Number of protein chains: 2
Amino acid sequence: MNLKQLSHMLGLSQTTVSRALNGYPEVNHETRERVLKAVRETGYRPNKAAQRLATGKAGSIGLVMPTSPGNSSDVHFSEFLTGLGEEALRHDFHFVLTPADPNDEVGALRRLAASGNVDALFVNYMRGHDPRLDMLKSLSMPFLVHGRSIGSEPDYPFLDIDNEAAFYDATKLLLQLGHRRFALLNGPIYFDFAIRRKNGMDAALAERGLTLDEACVSHTPMTDEQGLLAMERILQMEKDKRPTAVLCSSTVLALGAVRAINQAKLRLGEDISMIAHDDVLTLLKPENFTVPLTTTRSSLRAAGVRIAERLIGEIKHTETFPAQELWKAELIVRASTGVAPAD
Amino acid sequence: MNLKQLSHMLGLSQTTVSRALNGYPEVNHETRERVLKAVRETGYRPNKAAQRLATGKAGSIGLVMPTSPGNSSDVHFSEFLTGLGEEALRHDFHFVLTPADPNDEVGALRRLAASGNVDALFVNYMRGHDPRLDMLKSLSMPFLVHGRSIGSEPDYPFLDIDNEAAFYDATKLLLQLGHRRFALLNGPIYFDFAIRRKNGMDAALAERGLTLDEACVSHTPMTDEQGLLAMERILQMEKDKRPTAVLCSSTVLALGAVRAINQAKLRLGEDISMIAHDDVLTLLKPENFTVPLTTTRSSLRAAGVRIAERLIGEIKHTETFPAQELWKAELIVRASTGVAPAD
DNA sequence: CCATTTCCTCAAAGCGCTTTGGCTACGTCT
DNA sequence: AGACGTAGCCAAAGCGCTTTGAGGAAATGG
């Protein structure tokens, strides 16, 4: 069933039917009702591809899904996707997901844009001096960045959390509790958030004239296994050199790290204090750890909702948004942070 | 840059350029090279919407993403999605994700199909007597089901794991270890896999003249919190009535259940034995549990790869596949299963 | 040397929709 | 009465691609 058949059935022109469906004013109320009734009865649905071709609007937003054989599925990504979906549902939008090898994200993005299948693009997992920014700016298509790219002009629309502040505050708290030796289990060094979190930590330490021992810093994929390995390595240090406070870039890393601490028969919140960043993953609640975890919290899912809201608003030209948003993470103190042990 | 401009630039007709690009034989080798060169230089990309309209093929497969406010993001879903993506990448396919309220999956599916945006459909989270099957069969579009639907004629293409056999085998193992009182932490009762797993368990017990006490069965969403709650309830039973063996439908449920067991100061693999079904989630490895978990294992991700392979093959008409596949889950014994404690 | 085949190319139709630019009929204003 | 507005409808063009059916040129055969 297509427009032609439908309009013929109704004894109307395609124009009128189309207008009736799209809410144009120059259609008699009665005629419109007739059309809507026929649509309900026949189950007619406009062909999106044709609509897309005619209007240039596709009602969909494109995103590149980082994936490749051997690359693990990322809980952070799907948590975020859920947020996006939640909002998109309200506007009858959908996503076009292009899976892409992480080494060819620029290419995947270009293909997606050129395909004419999407109205707007979205990128995340930003890196320092990210090459995708130039590509996005050269396109004449709305886009939104989740995160930022240190080293690039901040002249693009983004939504980010204040990673520096979050880790600055967390470090500050631990300093107040008397800790002097710190470790950091961070995400891969090329990611913007990892750089900023380390910067925030460095800044807080510097205020007290302290520096972070590079041996106590790890940059790894954010899996529990890597957390375990990194923590084990740190725990092998001599007791009086060993850090008493650990910051983790994700509760997933913390999961592994806590396991290492348990295996070493150390007590979390007493022998070692820990603060992790919490993306509010459904699967991994910091309050459910055996020793509930102190965290800097900011919901990835909420970010997804907001990003969908902004992108869809932009496509529909219904609203204008601040181009750049920086969310504060909350510092939530639980039992994993305690006074530094006496040496 | 579109076909018209490109062909004009080359002094060729649109037909010839189009044929050169799509690998038709009746194009001079030299001409084809010229065309390809021009494409590289100009960065020309065919407009997918137009291609779609002309051919009826979209190069994308549609799936409904179960999501709604308050509905938690599902690790199982994203693990699966990763598999799909991995395979789709190889064929330059992408997905169209329609987020949908779980109560309106049939509607979402219909809209997706009618939109003309997809070549094939995929559904999962099958329920007993699933209403989506009739809808799918009425569409003239390839589709593939992940899972099955008990109570419906098995005349549709599916990929499933043998849930009955998995839980039958698991139960059998525990029986051999001397266990007589069992519990089951299952997924929601309306899901096909949940029904079948329970059936498998019932069958094994029946062979020994045992039955499953309904008070020891829970049907809940598969989150760690629900696992914790369900296990806590079970542990409140009198010691000589209390189950000594627990089956979990997911390692996520097991995560919570193990926490409950720890909190009750019971020893896993000694006081209580446990077997969980393992979808091979990246985030949650059964071997990383404090007491490594015995599992029935079948990779969701591998299922994703296979499903994408089949759907894409069908769209391209390159291959024919067996319509129905039933995978065996492996039973992997680790430390969480031990001999039943003496009463 | 003409007829036939083969190779390459083209013009034009069509996919299903939106949108431009009328056109008609009727009421209103001067 | 004529000029003008307006409400309601329509025919046709156009979005960018693929594909059908045809045609011209070169190569082959009798």
Side-chain angles (χ1 to χ4, degrees), chain A residues 1-36 38-39 42-60 92 111 113-119 140 315-316, chain B residues 1-36 38-39 42-60 92 111 113-119 140-141 315-317:
Chain A
M1 172 62 64
N2 58 25
L3 228 209
K4 197 168 173 181
Q5 293 167 30
L6 185 70
S7 56
H8 188 253
M9 202 181 100
L10 285 161
L12 290 169
S13 74
Q14 294 191 37
T15 312
T16 305
V17 177
S18 170
R19 296 210 144 136
L21 291 174
N22 294 319
Y24 281 68
E26 60 267 69
V27 170
N28 191 327
H29 178 71
E30 201 176 303
T31 311
R32 190 188 305 272
E33 288 303 315
R34 262 181 67 213
V35 171
L36 292 176
V39 165
T42 59
Y44 165 79
R45 286 270 150 192
N47 180 310
K48 286 269 182 196
Q51 239 168 0
R52 165 74 183 93
L53 193 55
T55 60
K57 298 277 162 229
S60 64
D92 195 26
R111 283 193 297 276
S115 78
N117 252 336
V118 299
D119 302 320
S140 49
I315 292 169
K316 292 189 169 174
Chain B
M1 172 62 62
N2 57 24
L3 229 209
K4 196 168 175 181
Q5 292 167 31
L6 185 71
S7 56
H8 188 253
M9 203 179 99
L10 285 162
L12 290 169
S13 75
Q14 296 190 37
T15 311
T16 306
V17 177
S18 170
R19 297 212 143 134
L21 291 174
N22 294 320
Y24 280 68
E26 61 265 69
V27 170
N28 190 327
H29 179 73
E30 202 175 302
T31 310
R32 191 190 304 273
E33 289 302 314
R34 264 181 64 214
V35 171
L36 291 176
V39 166
T42 59
Y44 165 80
R45 285 271 150 192
N47 179 311
K48 285 269 181 194
Q51 236 166 1
R52 165 77 184 90
L53 194 55
T55 60
K57 299 275 160 229
S60 63
D92 195 26
R111 282 194 296 277
S115 78
N117 252 337
V118 299
D119 301 321
S140 50
M141 183 176 286
I315 293 168
K316 292 188 169 172
H317 298 294

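For clarity, every value in this text was computed on a predicted model and none was experimentally measured. Within every chain, numbering begins at 1; the chains are lettered A, B, ... in the order of the sequence lines, protein sequences first and strands thereafter.
- Between the side chains of B:Thr16 and B:Ser13, at least one donor N or O lies within less than 3.5 Å of an accepting N or O.
- B:Glu26 comes within contact range of at least one nucleobase, with a heavy-atom separation under 4.0 Å.
- The nearest whole Å value for the distance from the CZ atom in B:Arg32 to the C1' atom in C:dC7 is 13 Å.
- Atom CD of B:Glu26 sits in a crowded spot, with more than 12 heavy atoms from other residues, nucleotides or ligands closer than 6.0 Å.
- First and last contacts of DNA chain D with chain A, using any nucleotide atom under 4.0 Å from a protein heavy atom and ordered 5' to 3', fall at D:dG8 to D:dG16.
- Partners of B:Asn117 according to the side-chain contact (heavy atoms from CB on, under 4.5 Å) rule, which considers only residues two or more places apart in sequence or in another chain, are A:Lys48, A:His94, B:Ser115.
- Put simply, the side chain of B:Leu36 reaches to within 4.5 Å of the side chain of B:Leu21, judged on heavy atoms.
- Of the two residues near DNA chain D, A:Thr15 and B:Met1, the one whose nearest nucleotide lies more 5' is A:Thr15.
- For B:Arg34 (side chain) and B:Leu10 (main-chain N/O), a donor-acceptor pair under 3.5 Å exists by modelled atom type.
- Side-chain N or O atoms of B:Asn28 include one that pairs as donor or acceptor with a backbone N or O of B:Glu30 at under 3.5 Å.
- For the OP1/OP2 pair of C:dT19 and a distance below 4.0 Å, the side-chain nitrogens and oxygens of A:Tyr24 include at least one atom meeting the criterion.
- Summary of the strand contacts: B:Ala50 and B:Arg19 both lie near DNA chain C, and taking for each the nucleotide with the nearest heavy atom, the more 5' one is attributed to B:Arg19.
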